[in-house]
Amino acid sequence: MLDESLFVSDIVHSRDVEINKDKVIRLHFKEIPAIEFIKFQRALNSEDEDTRAGAIAVLIAASLCEADGTPAMTVDKAMRLKTKPMDAIFKIVMEINGGDNSGKA
């Protein structure tokens, strides 16, 4: 039997996220499969400017969830985030998923 640590878990991770200097909110995240990061890297290297610009929003929408694990945000809504919240949320997405934030917003 394969070790379960090889696979994304169903655990919902809660984190306090500082969205601006005087506001911190509690958000929930789920792990996402490595295939999503392959798609992310390809999107970042796309010739299409809109694809590159939306790559982070796709990962945020895939990871951000409600406390029960259901999706909390669509890609379209994630694309409307302000810079500071997007950066803070993306940092947590990468932390939860064991990556670095080389694609930082």
Side-chain angles (χ1 to χ4, degrees):
M1 179 177 268
L2 291 174
D3 188 315
E4 283 300 312
S5 68
L6 297 173
F7 304 96
V8 296
S9 75
D10 293 329
I11 296 171
V12 173
H13 304 268
S14 298
R15 295 288 191 279
D16 289 333
V17 181
E18 184 177 345
I19 58 169
N20 61 45
K21 67 180 180 178
D22 58 350
K23 186 159 188 171
V24 174
I25 59 174
R26 169 123 332 206
L27 295 175
H28 309 285
F29 300 85
K30 61 184 177 181
E31 296 175 11
I32 50 181
I35 194 74
E36 295 301 326
F37 287 93
I38 293 169
K39 291 178 186 178
F40 171 69
Q41 288 299 324
R42 290 191 176 168
L44 287 179
N45 293 316
S46 172
E47 291 184 19
D48 181 67
E49 180 179 4
D50 290 336
T51 300
R52 287 191 313 270
I56 289 173
V58 172
L59 275 188
I60 287 173
S63 183
L64 193 62
C65 64
E66 301 294 345
D68 66 0
T70 58
M73 188 176 291
T74 64
V75 172
D76 288 337
K77 186 121 183 179
M79 291 183 74
R80 294 180 38 225
L81 287 166
K82 294 179 179 179
T83 302
K84 173 91 169 139
M86 179 178 270
D87 190 38
I89 293 168
F90 181 67
K91 182 178 176 183
I92 303 293
V93 169
M94 297 307 286
E95 175 189 309
I96 295 295
N97 288 282
D100 63 22
N101 59 350
S102 58
K104 192 174 180 181

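Note that the structure is predicted; figures quoted are calculated from it, not measured. Values reported hereafter were calculated over all heavy atoms of this structure, with side chains retained and with hydrogens, waters and symmetry mates removed. One-based numbering along the sequence shown.
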Applying salt bridge (Lys or Arg N to Asp or Glu O under 4.0 Å), name anything that partners K77, two or more places apart in sequence or on another chain.
none

Can you list everything that forms a side-chain contact (heavy atoms from CB on, under 4.5 Å) with K39? Sequence neighbours excluded, please.
I35, E36

hydrophobic_cluster_shared for [Y] and [X], side chain cutoff 4.5 Å:
X	Y	value
I89	L44	yes
V8	M94	no
I19	L81	yes
I32	M86	yes

List the atom of A55, the atom of F40, and the distance in Å for their closest heavy-atom pair.
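Shortest heavy-atom contact: O-CD1, 3.5 Å.
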
Heavy-atom pair with the smallest gap, counting every atom of A57 and M79
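Heavy atoms only, the tightest pair is CB-CG, 3.4 Å.
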
Do any pairs count as a side-chain hydrogen bond (donor to acceptor under 3.5 Å, both in side chains) and have a residue in residues 49-59, sequence neighbours left out, and if so which ones?
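Qualifying pairs, neighbours excluded: D48-T51.
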
Going by the side-chain hydrogen bond (donor to acceptor under 3.5 Å, both in side chains) test, which pairs reach into residues 56-69, not counting sequence neighbours?
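For residues 56-69, and leaving out neighbouring residues, the side-chain hydrogen bond (donor to acceptor under 3.5 Å, both in side chains) pairs sorted by first residue read D68-T70.
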
Consider only side-chain N and O atoms of T74 and D76, and report whether a donor and an acceptor are under 3.5 Å apart.
no

Taking the side chain as every heavy atom from C-beta outward, state whether F90 and I60 have any pair of such atoms under 4.5 Å apart.
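Contact flag for F90/I60 side chains = yes.
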
Of L27, V17, V93, which meets side-chain contact (heavy atoms from CB on, under 4.5 Å) against L64?
L27

Rounded to the nearest 0.5 Å, what separation is found between the [atom1] atom of [X] and the [atom2] atom of [Y]?
X	Y	atom1	atom2	result
N97	F37	CG	CZ	4.0 Å
S14	I96	OG	CD1	8.5 Å
E31	D10	CD	CG	9.0 Å

My understanding is that a hydrophobic cluster links ILVMFWY residues whose side chain heavy atoms are under 4.5 Å apart, including indirect links. Using that, what else belongs to the cluster containing M1?
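Once heavy-atom contacts under 4.5 Å are chained together, M1 still belongs with nothing else.
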
Checking one residue: L2. Which other hydrophobic residues are in its cluster under the side-chain 4.5 Å linking rule?
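Reading the cluster by chain and number, L2 sits alongside L6, F7.
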
Please collect all salt bridge (Lys or Arg N to Asp or Glu O under 4.0 Å) contacts where either partner lies in residues 11-24, sequence neighbours excluded, each pair once.
R15-E95, D16-R26

